[in-house]
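The structure presented is a predicted model; accordingly, all values stated were derived computationally and were not measured.
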Amino acid sequence: MSTRTPIAFLKGHGTENDFVIVPDPDNAIDLSPAAVAALCDRRAGIGGDGLLHVVRSAAHPEAKDMATEAEWFMDYRNGDGSIAEMCGNGVRVFARYLQHAGHTTEGDLAIATRGGVKTVHIAKDGDVTVGMGKARLPEGDVTVSVGERSWPARNVNMGNPHAVAFVDDLAHAGDLYSPPPFSPASAYPDGVNVEFVVDRGPRHVALRVHERGSGETRSCGTGACAVAVATARRDGTDPAVTGAPATYTVDVPGGTLVITERPDGEIEMTGPAVIVAEGKLDAEWLETVVR
């Protein structure tokens, strides 16, 4: 990385789940875990729950096999620099960036992720719908705890792991600075995103979430999908059983997402995505902070 060449960046968010966006079509920028963590630092860096590294699929070794289906690969990183399989809000913001940069227009497109190729629709009203694929519901009982309280949780995998716990009060989730303990440890060998959920009305719930590698965030797209799936099973509205789609409104601290699960198991998430700023990174600063 040249110490003299500034690096372009943008800042965006989806229901206040915010991201540093680094356009790098040719995969030429070395974004080490330390560099990502420095960029996502809210005091000493730009600040974000995660980083969206925008790379052409053909230029990235993890995405070459998807290049015929999707031109662009979302190389997503958590705020601590670790790699994540998927980020639902991130996909929406990624799509908004591609539109902002002139790489796509309103309508349909495909985006490659570590969780597979995702179909996206950019609507005229600004909302973005992402095809999130199908949920997997691993067998086995899971428990999550905060302080002296503990709850049974539904194990839902949306390409990344989730534990969904229904609680009486969202305050029971505590401060969510550190990962809520879970058991058995074998359920999530690589850690887990934990959602605490309360009912707001018919097919309407609200959540707080601890995202693995990021702490509590204002929103989690895959988490909202996992919550809708878990709630549908609890409510007896599993589309595979009823034959009818199940749509849930999911309030997150940063806004509202609408999740629909179809009888074939495919899940769609709709919500806003906003680009708020763009600028240049001081490459010399970045080199300095990661030494």
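- With respect to Val22, the side chain to side chain contact (heavy atoms under 4.5 Å, CB included) criterion is satisfied by exactly one of Val54, Ile7, Val36: Ile7.
- For Thr129 and Thr270, the side-chain atoms include at least one donor-acceptor pair closer than 3.5 Å.
- Between the side chains of Ser219 and Asn89, at least one donor N or O lies within less than 3.5 Å of an accepting N or O.
- Applying the 6.0 Å contact sphere to CG of Asp125 captures more than 12 heavy atoms from other residues, nucleotides or ligands.
- Under the 4.0 Å criterion applied to side-chain N and carboxylate O atoms, Asp41 and Arg43 are not assigned as salt-bridge partners.
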Subject >> Steps toward salt bridge (Lys or Arg N to Asp or Glu O under 4.0 Å) verdict (Asp75, Arg77) >> reply: CA-CA 7 Å; Asp75 176 17; Arg77 317 293 182 87; 2.8 Å; yes
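- Using modelled atom types, no side-chain atom of Thr104 and backbone atom of Gln99 make a donor-acceptor pair closer than 3.5 Å.
- Looking only at atom types and distance, the side chain of Tyr188 has no donor-acceptor partner in the side chain of Asn157 under 3.5 Å away.
- At least one side-chain heavy atom of Ile267 sits less than 4.5 Å from a side-chain heavy atom of Ile259.
- Donor-acceptor pairing under 3.5 Å is recorded for the side chains of Tyr248 and Thr237.
- Side-chain heavy-atom separations under 4.5 angstrom define the hydrophobic clusters, and Ile83 shares its cluster with no other residue.
- For Asp49, the salt bridge (charged side-chain N to carboxylate O under 4.0 Å, His left out) criterion is met by Arg42, not counting sequence neighbours.
- Between the side chains of Asp18 and His13, no donor-acceptor pair is found at a separation under 3.5 Å.
- Side chain to side chain, Thr217 and Glu211 meet the donor-acceptor criterion of an N or O pair below 3.5 Å.
- For the salt bridge (charged side-chain N to carboxylate O under 4.0 Å, His left out) with Glu261, the lone residue among Arg233, Arg203, Lys134 that qualifies is Arg233.
- Aromatic ring centroids of Trp151 and Phe196 lie under 6.0 Å apart.
- Side chain of Asp80 to backbone of Ser82: a donor-acceptor contact under 3.5 angstrom is found.
- Within a 6.0 Å sphere centred on CG of Asp199, other residues, nucleotides and ligands contribute more than 12 heavy atoms.
- Atom CZ of Arg92 sits about 14.0 Å away from atom NZ of Lys118, to the nearest 0.5 Å.
- Inspection of the Thr231 and Asp235 side chains reveals no N or O donor paired with an N or O acceptor under 3.5 Å.
- Residues Glu195 and His210 have side chains that never bring a donor and an acceptor to within less than 3.5 angstrom of each other.
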